[in-house]
Amino acid sequence: CLGAISVALQPGQAVTIGASLAEDGPVTAARLETGRRASTQRSAESTPQLVTSQTAVSERVTQALRDAAASFLVRREEPDSDQTGPSSSGWTVLAGYHWFGDWGRDTFIALPGLARLTGRHDIAREVLRSWARVVNRGMVPNRFPDSGAPLGEGDFNTIDATLWFIRALGEVDALGVVPRGAELSRELWPTVVSIIDAHLQGTRHGIGVDPGDGLLRTTDGQLTWMDARVEGQDQTPRAGKPVEVNALWIHALDRAVVWARACGDAASASRYATARDRAVHAFSTRFWWPGDGVAGHGISGTAGYLYDVIDGPAGDDASLRPNQVVAAALATTPLTVAQRAAIVDVAKTHLLTPRGLRTLSPADPRYRGECVGNAASRDAAYHQGTVWAWLLGPMVDALLLAGADRAAAHAVVEPMRDHVWREACVGTISEIFDGNIPFQARGAVSQAWSVAEVGRAWLLTAPSSGPRLT
């Protein structure tokens, strides 16, 4: 600790403390903060009269999340075309404060919500363009090196970030802020083709389509978002065919069919439709566990749910995790309304907390209810029960697709307002929380996908006195 600062404040008083390596850094930061507050005040003064106290609270939470969302949109030096050095300054998304850089998966999960919260659709499009320029062998990198070094083979260690890129591209296009015919999906269509074809043919880390059933698989167990590794051992090994990866794969193929037709690429549309239909059939017949019988790590006594991974090294894995909620949140996933409702119900019973979804059911003997201790201990708990706030976004989507009304869906995210106002870094949302009561905030104090997905779900379901910002 370098020291301590103590300031006595009276009601209504405020103090700004700034520190920077740059000589005029604190002055610049103070000027920017003053401008931000003035802008917020002007926005508040132009807001129509709030009609109920519930609406007033909702608008206050929304404004806090808008302000927090803006902090993740930053500029970075982009590599040049051969990825050997920086060239120009482009927009990107910081995954979280204070130690995360820009990560592919985090960026694309967060981007639709950040665009809606901030209204900066132009920045969202630029972010997608920036990442499209570094697609290699059909993959976006998992992250950019913090050192600014050129991207290397080791940076392309993710199976799902590229599929989240496709989803983000569709979501940003759906904002409808450009004329028909000028959609970003048209502009980036050659990139989309390179991505889909690389996955169909096979690329790094054993990532590719199984010719036997059309599902996407990998031989590396550390490539999904549950990627913690301690002393060379994967803490949540998910080699095989992960459930949310294949839901995202079906979604990517479905979008590719639509975009191919819009671009007049009939040949690609036909190929991708065939691939999609094969994957849909296999998903429908392979991923549902009825809740009885023998299954690895299965939790009995449920109405059934989705396997977390199939065709893994140890067979099919029925660990009760929230990845099935991500699958159920996508309208293209081949599930009946009854199946979606069963997934939502089991998630409510085993995973849902006031701060997000647990990464493993407490009924599983591997469950870790606190993310504490040294780095190895925390990594071991990271996806073995620890709560993640960003999963509330998919939970709300899954609820709505299962037939819940907006009020019921909003009840899932409404408790987060207490965290926004009273816990950890006030005005934003932490990265993770303990799985056990009292759900202590842990990890980064302000996380992009936490803010973006909770904010997106809040905008989608909260009472509002005026039009929704999209």
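Counted by atom type alone, Ser58 and Trp458 present one or more donor-acceptor pairs between their side chains at under 3.5 Å. A donor-acceptor pair shorter than 3.5 Å cannot be found between the side chains of Arg406 and Thr461. For the residue pair Asp308/Asn323, the side-chain donor-acceptor check at 3.5 Å is satisfied. Side-chain atoms of Asn436 and Tyr367 include a donor-acceptor pair closer than 3.5 Å.
Nearest heavy-atom pair, Ser319 versus Leu360, reported as atom, atom and distance to 0.1 Å: CB-CD1, 4.3 Å.
Pairs of residues two or more places apart, or lying in two chains, that qualify as salt bridge (Lys or Arg N to Asp or Glu O under 4.0 Å) and include a residue from residues 359-378 are Asp364-Arg366. Listed by first and then second residue, the ring pair (Phe, Tyr, Trp, His ring centres under 6.0 Å) pairs involving residues 420-439 are His419-Phe433 (not counting sequence neighbours). Residue pairs meeting the salt bridge (Lys or Arg N to Asp or Glu O under 4.0 Å) criterion with at least one partner in residues 339-353, sequence neighbours excluded, do not occur; the list is empty.
Ring geometry, Phe108 versus Phe165: the interplanar angle exceeds 60°, so the pair is classed perpendicular (tilted spans 30 to 60°).
Here the two rings, on Phe144 and Trp131, have centers that are under 6.0 Å apart.
Qualifying side chain to side chain contact (heavy atoms under 4.5 Å, CB included) partners for Ala408, counting only residues two or more places apart in sequence or in other chains: Ala404, Asp405. Judged as a side chain to side chain contact (heavy atoms under 4.5 Å, CB included), and not counting sequence neighbours, the contacts of Gln440 are Asp434, Arg442.
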Listing, residues 385-396 side-chain donor-acceptor contacts under 3.5 Å, not counting sequence neighbours, or none:
residue: Thr386; atom: OG1; partner: Ala381; partner atom: O; Å: 2.6
residue: Trp388; atom: NE1; partner: Tyr382; partner atom: O; Å: 3.0

(request) Would you sort out whether Asp379 and Arg229 count as a salt bridge (Lys or Arg N to Asp or Glu O under 4.0 Å), showing the intermediate values? (result) CA-CA 7 Å; Asp379 283 346; Arg229 180 173 284 176; over 6 Å; no
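Put simply, the side chain of Thr333 never gets that close to the backbone of Leu335: no donor and acceptor are under 3.5 Å apart. With Glu431 contributing its side chain and Ala444 its backbone, the two residues share a donor-acceptor pair below 3.5 Å. Of the possible polar contacts, none joining the Ser430 side chain to the Ile432 backbone as a donor-acceptor pair under 3.5 Å is found. In this structure a side-chain-to-backbone donor-acceptor pair under 3.5 Å is missing from Asp102 to Val93. Not one N or O on the side chain of Arg238 forms a donor-acceptor pair closer than 3.5 Å with the backbone of Gln222. Judged by distance alone, with hydrogens and angles left aside, the side-chain atoms of Ser71 form a donor-acceptor pair with the main-chain N or O of Ala68 at under 3.5 Å. The closest donor-acceptor contact from the side chain of Thr162 to the backbone of Val140 lies under 3.5 Å. With Thr218 contributing its side chain and His205 its backbone, the two residues share a donor-acceptor pair below 3.5 Å. Looking only at distances, a side-chain donor or acceptor of Arg321 sits under 3.5 Å from a matching main-chain atom of Thr359. Distance alone, capped at 3.5 Å, places no donor-acceptor pair between the Arg66 side chain and the Thr118 backbone.
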